[in-house]
There are 4 protein chains.
Amino acid sequence: MGKGRIEAFSDGVIAIIITIMVLELEVPHHVDLHSLLPLLPVFLSYVLSFIMIGIYWNNHHHMFHVVHHVRGGVLWANLHLLFWLSLMPFTTAWMGENHIESLPVALYGFVLMMSGVAYYILARSLIALEGQDSALAIAFGQDRKGKISVLIYAAAIVLAFVSPWIAIACYVVVALIWLVPDRRVEKVLLAAPAHGNTPGPNAPHP
Amino acid sequence: MGKGRIEAFSDGVIAIIITIMVLELEVPHHVDLHSLLPLLPVFLSYVLSFIMIGIYWNNHHHMFHVVHHVRGGVLWANLHLLFWLSLMPFTTAWMGENHIESLPVALYGFVLMMSGVAYYILARSLIALEGQDSALAIAFGQDRKGKISVLIYAAAIVLAFVSPWIAIACYVVVALIWLVPDRRVEKVLLAAPAHGNTPGPNAPHP
Amino acid sequence: MGKGRIEAFSDGVIAIIITIMVLELEVPHHVDLHSLLPLLPVFLSYVLSFIMIGIYWNNHHHMFHVVHHVRGGVLWANLHLLFWLSLMPFTTAWMGENHIESLPVALYGFVLMMSGVAYYILARSLIALEGQDSALAIAFGQDRKGKISVLIYAAAIVLAFVSPWIAIACYVVVALIWLVPDRRVEKVLLAAPAHGNTPGPNAPHP
Amino acid sequence: MGKGRIEAFSDGVIAIIITIMVLELEVPHHVDLHSLLPLLPVFLSYVLSFIMIGIYWNNHHHMFHVVHHVRGGVLWANLHLLFWLSLMPFTTAWMGENHIESLPVALYGFVLMMSGVAYYILARSLIALEGQDSALAIAFGQDRKGKISVLIYAAAIVLAFVSPWIAIACYVVVALIWLVPDRRVEKVLLAAPAHGNTPGPNAPHP
């Protein structure tokens, strides 16, 4: 089967997830700066989640770019990833509306961790189809970045009960891991021949 | 007419249905585990509905994969299916927010049953276009799986007034019927020649 | 410019409009049949609006099927149509939640009438691009159906203040006008040669 | 990488943004004209935002029409633009629900200004890929219109504290700047050869 519809459906779901989160920014009934202040943690949670989901969309885009065809198992592995991502508007709102407390921050990390695991399963199910010598398999490699991310999330869930801010710092670190080296990957992509454009080592995984 | 736009529109509607259901998970105002507890039936309803709609999307994807062209009647048969699916966020929320009681559980089953009927009508209108010897007609066959599903739903609606949990068990059974043999179907698909890839007996129907 | 993106964007907006209307079906806090009863007018309004927007999507699909390219003016004529359609969730909810009273029913008709006018402008701007001897121009013809619809809407707006039910009857009549002869159009389409498939006289207009 | 998916994802996000704004039009509980009156500023804010986002979609469409390929940096520049646009439902609602007061009107302008800046960054990142002699670079030119828009927004943010209505007038002026000369641009496009269709000087920027 072609990959067009799985890409289109994923784009649709991710576009909705990233956009409905803004509905959690409740419109204040007053017009002074003080009425905006309680929205600050909600807003910052929104920014963090927007970046996280942006990273997932980016990597999903890269990964399916080198995929040639899909099968039923892949459809379900993809739906599994979308399921965990679809919980982000809820965890983002719970974290933001309660001024960054331990349990909501830990749950936020849990959903991120499960999304990371789901992404790994999706990548594995695609590599099983594409073959171990495919561009995807080479690009995915040992997936150090993905494994480190999941470990940091696991640590953050525990650390959230010491201080939620340490956990938040962990999430920011994971986001930076995925944002920063993106440029290096791009250069690898440019150096590679036009068709066999691999997204570079460890690229397609948040 | 090409099938591109009917696929894109269906993807859009199903993506929105599957995503806005999460808005029913009302964000608690407290941060302890006890405040998450009342969300559990809502969450489990969400999981069940996510899987049900995932099955529909999967089968819709398979079915249109072997379709060559569409006509006005098909557009309306498809809209009819989307209508019943669009009621799932409502029935899911009513079932979840009331801790699994008879009437909401029966209504949930009724919408599922009508979705099944609508899917059958859509498949029949596509087969009428494609011909009785088309890949679609062969794959759809007697549609035993679809007919059994509708019968189980009908039984579940009645049984919900004995115990809502029996009805829920019926819905889980239908979901398993559609989830489990998916792998067998895939093997049929692989065995088949590349172009005439039929989704296998009874495949495209939830 | 190609027509792909204007189709995709319209599909997206119409998919969202048709789906978020269901959010107006407020989940009852009780589980008896009596708590569903007040939802009946909201539900029937939803069914009517679902059909109306379904007709628009159907006709939009038919119309752009015979269009070859678009231009800036068409993008705005299309956005103008989407603007009026985007007001339907509001007018549907206001009509449904107030048990079918005069003013909401009249406003509902006003938005339908303006959507009809916007569709006419869009069709005219497309015909100006395609030429007076194009398949689109021939199919659109004198657009008797579109003009009659707008006249019925105008009458319904006035009649809503006599009895809202007369106005509702008018809307149902318009829906039937567009639903019923669809099959005849399909036959015209089938009779026509493969490429120059015109949607038949007066077809692409709700 | 191809541009298909970045276009599809942007279409999805913009379609949702432009549509969920209408959810801020709270359905009145009464059916007289007086109950519609308080909705007037919300409605007018909706109309203004609908036009603004329509302009962005239009220009995004034009700009990507002449783009040949994208890269990771472009994906993030595009997400950055979508982030600012995604805040428009919030600022629109805050402005509309408080009867056009200084601070909400200034914040509305701030988000518009940041969207303008984000669009500029996106255009620059695309031109860096396409080359300084590309159709896009020539069309974008010195981007006088974009720079003037951002200056007007900056002035409007300050002037909102003198009178919010002056700021609103500024936003309307920017909208007119982008709406009116669109027709001239179209003529340039028609005069240009088919493939090298540039959107004309300063066109792809709101």
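Below, chains carry the letters A, B, ... as their sequence lines are ordered, and counting in each starts from 1.
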Portion of A:Leu85 that has a non-hydrogen atom of chain B nearer than 4.5 angstrom: neither

Proximal component of B:Ile17, with respect to chain A [non-hydrogen, under 4.5 Å]: neither

Test log, rule side-chain contact (heavy atoms from CB on, under 4.5 Å), inputs B:Tyr120 and B:Lys147: CA-CA 9 Å; B:Tyr120 184 84; B:Lys147 285 172 188 164; 4.2 Å; yes

N/O donor-acceptor pair under 3.5 Å between B:Glu101 side chain and B:Pro164 backbone: no

Part of B:Val22 lying under 4.5 Å from any heavy atom of chain A: side chain

Main-chain N/O of A:Tyr171 paired with A:Tyr108 side-chain donor or acceptor, under 3.5 Å: no

Side chain, backbone, both or neither of B:Leu23 within contact of chain A (heavy atoms, under 4.5 Å): side chain

Largest heavy-atom contact set with chain A, pairs under 4.5 Å, which of B:Ala15, B:Gly12, B:Ala8: B:Ala15

Step-by-step side-chain contact (heavy atoms from CB on, under 4.5 Å) determination, A:Trp94 to B:Leu36: CA-CA 10 Å; A:Trp94 200 35; B:Leu36 280 184; 3.6 Å; yes

Interface moiety of B:Ile14 toward chain A, non-hydrogen atoms closer than 4.5 Å: both

Option that, when pairs with chain A are counted at under 4.5 Å, heavy atom only, ranks first among B:Tyr46, B:Phe43, B:Trp57, B:Phe64: B:Trp57

Rounded distance [0.5 Å steps], CG in B:Leu82 versus OH in B:Tyr56: 11.5 Å

B:Ser35 (side chain) donor-acceptor with B:Pro28 (main chain) under 3.5 angstrom: no

Side chain / backbone / both / neither for B:Ile18 at chain A, heavy atoms under 4.5 Å: side chain

